[in-house]
Peer 1: 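Following this message is one structure expressed as structure tokens.
Below, chains carry the letters A, B, ... as their sequence lines are ordered, and counting in each starts from 1. Side chains included, hydrogens not; waters and symmetry mates left out as well; all remaining heavy atoms used.
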Amino acid sequence: MQLSEQEIVRRENLQKIKDLGINPYPPEAFPVNAFAADIKANYKEEILDDGTKNRLNYQDVCVAGRIMAQREAGKAMFMNIQDSTGQIQLYLRRNEMGEGEDFTFFDVLIKKLLDIGDVIGVKGYVFNTKTGETSIHVTELKLLAKALRPLPIVKRDAEGNVHDAFTDPELRYRQRYVDLIVNPEVKETFLKRTKLVNSIRQFLNEQGALEVDTPVLQAIPGGAAARPFITHHNALDVPFYLRIANELYLKRLIVGGFDWVYEFSRNFRNEGMDRTHNPEFTILEFYVAYQDYFWMMETTEKMLEKAAIDTNGTTDVKVGENTISFKAPFKRVSIFDAIKEHSGFDVSEMDEAGLRDVCKKLHIEVDKTMGKGKLIDEIFGETAEKHFIQPTFITDYPVEMSPLTKKHRSKSGLVERFELFCNGKEIANAYTELNDPIDQRERFEEQVKLMERGDDEAMFIDHDFLRAMEYGMPPMSGIGFGIDRLAMLFTNQASIQEVLFFPQMRPESF
RNA sequence: GAUUCCGUAGCUCAGUCGGUAGAGCAUUUGACUUUUAAUCAAAGGGUCCCGGGUUCGAGCCCCGGCGGAAUCACCA
């Protein structure tokens with residue numbers, strides 16, 4: 001291994017620390033009793049009549065964290081350490097750190113052998129410096145973990161400007177741990193993502209929904225139209241697919257008698273990667289017996305309004321140039337009205353030839369494998385989709401592109417389906433679910449025809465799913481939310497890689 | 001998968017017309033007992049992503065590859 005100058009110095013320092021009889025990776029617990037952010041927010045002191053200070057709290061703290069900066073000042077020293085809540089300054093004095101006249105600990109270990117990046121624990125008392133910085137006056141220091149690689153040094157000045165920011169996306173994503181250490185706003189983004197997920201989970205649990213787990217390894221990759229990853233089970237000697245959706249399993253559970261089930265489903269799709277697609281991603285799906293897609297729209301509004309407030313404290317979310325309001329209710333527009341409004345064409349009564357003609361006039365590329373449904377979807381995607389910035393339900397899709405959806409109660413050729421668009425992107429997809437097993441079998445057979453026509457994303461027939469439906473599937477409504485995209489919206493990130501801790505990358509060679 | 005752009009010290013970046021490789025931070029040595037982008041003095045640190053080619057001479061020009069980003073296609 002080729003070591004840099006700084007790595008060699010740190011390895012030498014490690015050996016010197018061992019030579020001093022100090023374990024650079026001690027096993028025993030360190031009794032942390034305070035955190036940087038709490039101390040800085042809550043420390044209090046008063047000035048007495050004689051001018052001396054009376055420190056009121058945090059006079060016996062144990063704090064652990066990573067050294068982020070060192071400033072030597074003669075026989076004293078300042079450090080910034082960073083714990084899970086933020087940074088706080090340490091103040092150390094030579095004559096307080098030794099035993100008697102032996103100042104080895106301060107002169108050698110602290111001044112020479114500790115480096116930026118090392119994890120330490122300190123005991124001491126809190127005070128305010130002359131310049132007003134709340135700091136820990138350290139009386140004891142313990143090395144908890146020696147760092148052998150130098151961190152990127154990011155500096156922030158008094159105005160809050162960042163200097164020498166660690167920005168290279170490749171390094172940030174491949175070494176997310178470093179990104180999280182030196183870029184506090186990255187940590188913020190992920191904390192928000194978890195707040196969002198917690199809010200949704202809380203909402204669903206309070207409504208009486210049941211969180212469940214269903215198979216990731218599936219013999220038939222159902223519930224969506226996408227290319228799957230394929231793997232192999234050795235003992236059974238059969239192929240398995242990583243799930244592209246969990247829809248058909250959740251519906252089986254509704255057959256089994258649960259009224260409302262949900263799952264945050266990690267799905268896998270073997271498709272291109274870009275700033276809105278990662279090969280593995282998270283969809284929240286839930287299915288609710290005896291409800292329809294109108295009820296689902298109202299539930300979606302409630303859930304997202306709460307999620308916005310829980311995540312950002314307000315229903316307004318700033319995304320790039322736009323401010324998006326998640327205040328319920330959301331607009332509802334049928335897909336045909338949306339197309340008419342943004343393309344000028346009324347495609348509601350058109351056959352496949354008419355649709356192909358419209359595509360030609362709009363200069364939309366199509367191929368022979370596309371059926372009526374896919375053509376309509378294409379026209380919508382090219383002309384209308386990007387205009388829906390505020391949350392909008394696009395409703396009543398053509399039957400051809402919705403093989404799992406119940407036919408519309410009053411409009412022939414359509415199904416009871418909506419997609420929720422936000423900032424010009426789809427973030428949810430919901431149906432009044434098809435529960436007629438004869439109809440479902442016919443729809444699957446239509447998919448087989450599409451497959452034969454060359455559509456490699458058409459759905460497989462899942463015979464066990466049909467069997468379950470034949471036992472009697474309660475009417476229900478179901479929905480899927482793109483959780484990563486929701487997280488992007490709520491954290492104002494333009495790239496999915498910014499809301500995934502470890503986005504997929506080409507494997508690194510060492 | 002296609003196109004465009006990018007790859008120089010641990011990090012962030014300069015590098016002119018093709019002519020001995022530069023800065024700030026970090027590192028090392030020294031000074032400083034309330035500093036905070038600490039300051040002051042000095043020093044060290046490079047497979048210029050990899051491999052070819054052109055040239056007397058390549059970080060720079062040409063070709064191929066690797067990695068990343070953006071746009072497009074597929075998709076959520």
Peer 1: For B:rU16 and B:rA76, measure between their P atoms and round to the nearest Å.
Peer 2: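 Comparing P positions in B:rU16 and B:rA76 gives a spacing of 47 Å.
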
Peer 1: Which residues pass the ring-ring contact (aromatic ring centres under 6.0 Å, His included) test with A:Phe444, not counting sequence neighbours?
Peer 2: none

Peer 1: Rounded to whole angstrom, note down the P distance from B:rU71 over to B:rG57.
Peer 2: 43 Å

Peer 1: Can you list every salt bridge (charged side-chain N to carboxylate O under 4.0 Å, His left out) pair that touches residues 481-495 of chain A, not counting sequence neighbours?
Peer 2: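 Residue pairs passing salt bridge (charged side-chain N to carboxylate O under 4.0 Å, His left out), neighbours aside: A:Arg193-A:Asp484.
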
Peer 1: Once ring pair (Phe, Tyr, Trp, His ring centres under 6.0 Å) is applied, what residue pairs with a partner in residues 482-509 of chain A remain, sequence neighbours excluded?
Peer 2: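 For residues 482-509 of chain A: A:Phe190-A:Phe501, A:Phe326-A:Phe490.
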
Peer 1: Under a 3.5 Å limit for both distances, which nucleotide forms a Watson-Crick or G-U wobble pair with B:rA41, could you say?
Peer 2: B:rU29

Peer 1: Let me know, please, whether A:Ile496 or A:Asn13 comes out on the 5' side of the other along RNA chain B by nearest nucleotide.
Peer 2: A:Asn13

Peer 1: Determine the contact category for A:Asn161: base if any of its heavy atoms lies under 4.0 Å from a base atom, sugar-phosphate if only primed atoms, P, OP1 or OP2 are that close, otherwise nothing.
Peer 2: nothing

Peer 1: Rounding to the closest angstrom, what is the interatomic distance between B:rG59 and B:rG19 at atom C1'?
Peer 2: 13 Å

Peer 1: Using atom P of each nucleotide, how far apart are B:rA9 and B:rA70 to the nearest Å?
Peer 2: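 My reading of the P atoms in B:rA9 and B:rA70 gives 23 Å.
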
Peer 1: Is the distance between the ring centroids of A:Phe268 and A:Tyr241 less than 6.0 Å?
Peer 2: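 Ring centroids of A:Phe268 and A:Tyr241 are no less than 6.0 Å from each other.
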
Peer 1: Can you tell me the pairing partner of B:rC17 across any strand shown, Watson-Crick or G-U wobble, with both distances under 3.5 angstrom?
Peer 2: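 For B:rC17, the partner nucleotide comes out as none, under the 3.5 Å rule.
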
Peer 1: Please tabulate the protein-to-nucleotide N/O contacts below 3.5 Å involving nucleotides 64-68 of chain B, giving atom names and distances.
Peer 2:
from	atom 1	to	atom 2	distance (Å)
B:rG67	OP1	A:Arg506	NE	3.3
B:rG67	O3'	A:Arg174	NH2	3.0
B:rG67	O2'	A:Glu170	OE1	2.9
B:rG67	O2'	A:Glu170	OE2	2.3
B:rG68	OP1	A:Arg174	NH2	3.2
B:rG68	OP1	A:Arg506	N	3.1
B:rG68	OP2	A:Arg506	NE	3.3
B:rG68	O4'	A:Glu170	OE1	3.2

Peer 1: Could you check whether A:Ala165 gets within reach of a base, just the sugar-phosphate, or nothing at all, counting any heavy atom under 4.0 Å?
Peer 2: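 Result for A:Ala165 = sugar-phosphate.
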
Peer 1: Just jot down the salt bridge (charged side-chain N to carboxylate O under 4.0 Å, His left out) partners of A:Arg176, sequence neighbours excluded, or say none.
Peer 2: A:Asp179

Peer 1: Which pairs count as salt bridge (charged side-chain N to carboxylate O under 4.0 Å, His left out) when at least one residue sits in residues 34-46 of chain A, sequence neighbours excluded?
Peer 2: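 Residue pairs with at least one partner in residues 34-46 of chain A: A:Glu45-A:Lys53.
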
Peer 1: Whole-Å distance between B:rA76 P and A:Arg266 CZ?
Peer 2: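 Taking atom P of B:rA76 as the reference, CZ of A:Arg266 is at 18 Å.
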
Peer 1: Name all pairs fulfilling the salt bridge (charged side-chain N to carboxylate O under 4.0 Å, His left out) condition that reach into residues 417-430 of chain A, sequence neighbours left out, sorted by first residue then second.
Peer 2: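 Every salt bridge (charged side-chain N to carboxylate O under 4.0 Å, His left out) pair that includes a residue of residues 417-430 of chain A, provided the two are not neighbours, is A:Arg417-A:Glu419.
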
Peer 1: I want to confirm an ordering. Mapping A:Gly272 and A:Arg275 to their closest nucleotides on RNA chain B, which one lands closer to the 5' end?
Peer 2: A:Arg275

Peer 1: With sequence neighbours left out, write down each residue that passes salt bridge (charged side-chain N to carboxylate O under 4.0 Å, His left out) with A:Lys146, or none if nothing qualifies.
Peer 2: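 Listed in chain order: A:Asp115, A:Asp118.
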
Peer 1: For A:Tyr125 and B:rU34, what is the distance between atoms OH and P respectively, to the nearest whole Å?
Peer 2: 13 Å

Peer 1: When the P atoms of B:rA21 and B:rC63 are compared, how many Å lie between them, rounded to an integer?
Peer 2: 26 Å

Peer 1: Figure out the CD1/P separation between A:Ile364 and B:rC72, and round it to whole Å.
Peer 2: 15 Å

Peer 1: Please give, in whole Å, the distance from B:rC11 P to A:Met68 CE?
Peer 2: 15 Å

Peer 1: Between B:rG46 and B:rG22, how far apart are the C1' atoms? Round to whole Å, please.
Peer 2: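 Between the two C1' atoms, the distance is 11 Å.
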
Peer 1: Checking all strands, does A:Arg94 fall into the base, sugar-phosphate, or nothing category for heavy-atom contacts under 4.0 angstrom?
Peer 2: nothing

Peer 1: Taking the same atom, P, in B:rU47 and in B:rU39, what whole-Å distance lies between them?
Peer 2: 29 Å

Peer 1: Decide yes or no for A:Arg94 and A:Asp107: does some side-chain heavy atom of the first lie under 4.5 Å from some side-chain heavy atom of the second?
Peer 2: yes

Peer 1: Any side-chain N or O of A:Lys112 under 4.0 Å from OP1/OP2 of B:rG30?
Peer 2: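 Answer is yes, contact under 4.0 Å.
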
Peer 1: Need the pair for B:rG67. Rule: Watson-Crick or G-U wobble, both distances under 3.5 Å, any strand; none if unpaired.
Peer 2: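 Pair assignment: B:rG67 / B:rC6.
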
Peer 1: Could you tell me whether A:Gly482 contacts a base, only the sugar-phosphate backbone, or nothing, with contacts defined as non-hydrogen atoms closer than 4.0 Å?
Peer 2: nothing

Peer 1: Please name the nucleotide paired to B:rA23 by Watson-Crick or G-U wobble geometry with both distances under 3.5 Å, or report none.
Peer 2: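 Partner of B:rA23: B:rU12.
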
Peer 1: Base, sugar-phosphate alone, or nothing: which one does A:Phe166 contact when heavy atoms must sit under 4.0 Å apart?
Peer 2: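 If one applies the 4.0 Å heavy-atom cut-off, A:Phe166 turns out to touch the sugar-phosphate alone, with no base involved.
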
Peer 1: Scan for ring pair (Phe, Tyr, Trp, His ring centres under 6.0 Å) pairs involving residues 104-123 of chain A, sequence neighbours excluded, and state none if there are none.
Peer 2: none

Peer 1: Between the protein and nucleotides 7-10 of chain B, are there any N/O to N/O pairs under 3.5 Å, and if so, what are the atom names and distances?
Peer 2:
from	atom 1	to	atom 2	distance (Å)
B:rG10	N9	A:Gln6	NE2	3.2
B:rG10	N7	A:Gln6	NE2	3.4

Peer 1: Using atom CD of A:Glu271 as one end and atom P of B:rC72 as the other, report the distance to the nearest whole Å.
Peer 2: 17 Å

Peer 1: Does atom NZ of A:Lys331 have more than 12 heavy-atom neighbours from other groups under 6.0 Å away?
Peer 2: no

Peer 1: Counting primed atoms plus P, OP1 and OP2 as sugar-phosphate and everything else as base, spell out the protein contacts along nucleotides 35-42 of chain B at 4.0 Å heavy-atom distance: B, S or - for each nucleotide, 5' to 3'.
Peer 2: BBBB----

Peer 1: A:Glu7 and A:Ser4: side-chain donor and acceptor closer than 3.5 Å?
Peer 2: yes

Peer 1: Without decimals, in angstroms, what is the distance between A:Leu171 CG and B:rC11 P?
Peer 2: 6 Å

Peer 1: May I have the distance from A:Gln504 (atom CD) to B:rA76 (atom C1'), rounded to whole angstrom?
Peer 2: 16 Å

Peer 1: Does any pair with a residue in residues 262-274 of chain A pass salt bridge (charged side-chain N to carboxylate O under 4.0 Å, His left out), and if so which ones, sequence neighbours excluded?
Peer 2: A:Arg243-A:Glu263, A:Arg266-A:Glu280

Peer 1: Look at the rings of A:Tyr43 and A:Tyr58 and say which category their plane angle falls in: under 30° parallel, 30 to 60° tilted, over 60° perpendicular.
Peer 2: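 Ring orientation of A:Tyr43 relative to A:Tyr58: tilted.
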
Peer 1: So what does A:Asp274 hit on the nucleic acid, given a heavy-atom distance under 4.0 Å: a base, only sugar-phosphate, or nothing?
Peer 2: base

Peer 1: Given that both distances must come in under 3.5 Å, which nucleotide forms a Watson-Crick or G-U wobble pair with B:rC72?
Peer 2: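 B:rG1 is the nucleotide pairing with B:rC72.
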
Peer 1: Which part of the nucleic acid, if any, lies within reach of A:Arg10 when heavy atoms closer than 4.0 Å are counted: base, sugar-phosphate only, or nothing?
Peer 2: nothing

Peer 1: Determine the Euclidean distance between corresponding C1' atoms of B:rC17 and B:rU36; express it in Å to zero decimal places.
Peer 2: 45 Å

Peer 1: In this structure, how many angstroms lie between the P atom of B:rG1 and the CG atom of A:Asn270, rounded?
Peer 2: 12 Å

